[in-house]
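Report on one structure; see the data block that follows.
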Amino acid sequence: MISCILYLNPDWTPEDGGLLRIYPPDATDEAGIDVVPHAGTFVCFLSDRIPHEVLPARRERFSLTGWMHRK
């Protein structure tokens with residue numbers, strides 16, 4: 001399954017929270033990669049193979065999200 005996310009949040013800062021954290025399978029540490037949900041940021045990843053989470057947000061955040069599945 002592929003997840004695609006377009007973030008719609010103007011003036012978002014890392015201090016606002018709500019970051020998408022992606023844990024690449026070949027990473028040597030457990031820190032992961034953080035994606036700040038700035039307006040216009042677009043992310044696609046294999047969500048059934050790549051562990052991920054959304055960190056708590058300190059304000060309301062908006063995104064458009066779609067999933068592509070195979071039969």
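Along the sequence shown, residues are numbered consecutively beginning with 1.
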Side chain to side chain contact (heavy atoms under 4.5 Å, CB included) between Leu46 and Ile2: does it pass, once the steps are laid out? CA-CA 5 Å; Leu46 297 170; Ile2 298 174; 3.6 Å; yes
Evaluate side chain to side chain contact (heavy atoms under 4.5 Å, CB included) for Val43 paired with Leu20, printing each intermediate quantity in order. CA-CA 10 Å; Val43 180; Leu20 171 65; 4.1 Å; yes
So Phe45 and Ile22, side chain to side chain contact (heavy atoms under 4.5 Å, CB included) or not? Walk me through it. CA-CA 9 Å; Phe45 62 98; Ile22 298 173; 4.2 Å; yes
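Separation of atoms CG (Asp48) and CZ (Arg70) is listed at 6.0 Å; rounding is to 0.5 Å. Atom CG of residue Leu19 and atom CD of residue Glu53 lie 10.5 Å apart, to the nearest 0.5 angstrom.
Linking Ile, Leu, Val, Met, Phe, Trp and Tyr residues whenever their side-chain heavy atoms come within less than 4.5 Å places Val54 and Val35 in a single cluster.
Arg58 and Asp16 are not joined by a salt bridge, as no carboxylate oxygen comes within less than 4.0 angstrom of a charged side-chain nitrogen.
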Show every donor-acceptor pair shorter than 3.5 Å between a side-chain atom in residues 60-69 and any protein atom, with sequence neighbours excluded, or say none if there are none.
unit_1, atom_1, unit_2, atom_2, d
Arg61, NE, Gly18, O, 2.9
Arg61, NH2, Gly18, O, 3.3
Trp67, NE1, Ser3, OG, 3.3

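Here the closest heavy-atom approach between residue Ala39 and residue Pro10 is recorded as CB-N, 3.8 Å. Annotation for Gly17 and Trp12: closest pair O-NE1, 2.9 Å, computed over non-hydrogen atoms. Across Gly32 and Tyr23, no two heavy atoms sit closer than the pair CA-CD2, 3.9 Å.
One N or O on the side chain of Asn9 and one on the backbone of Pro37 form a donor-acceptor pair closer than 3.5 Å.
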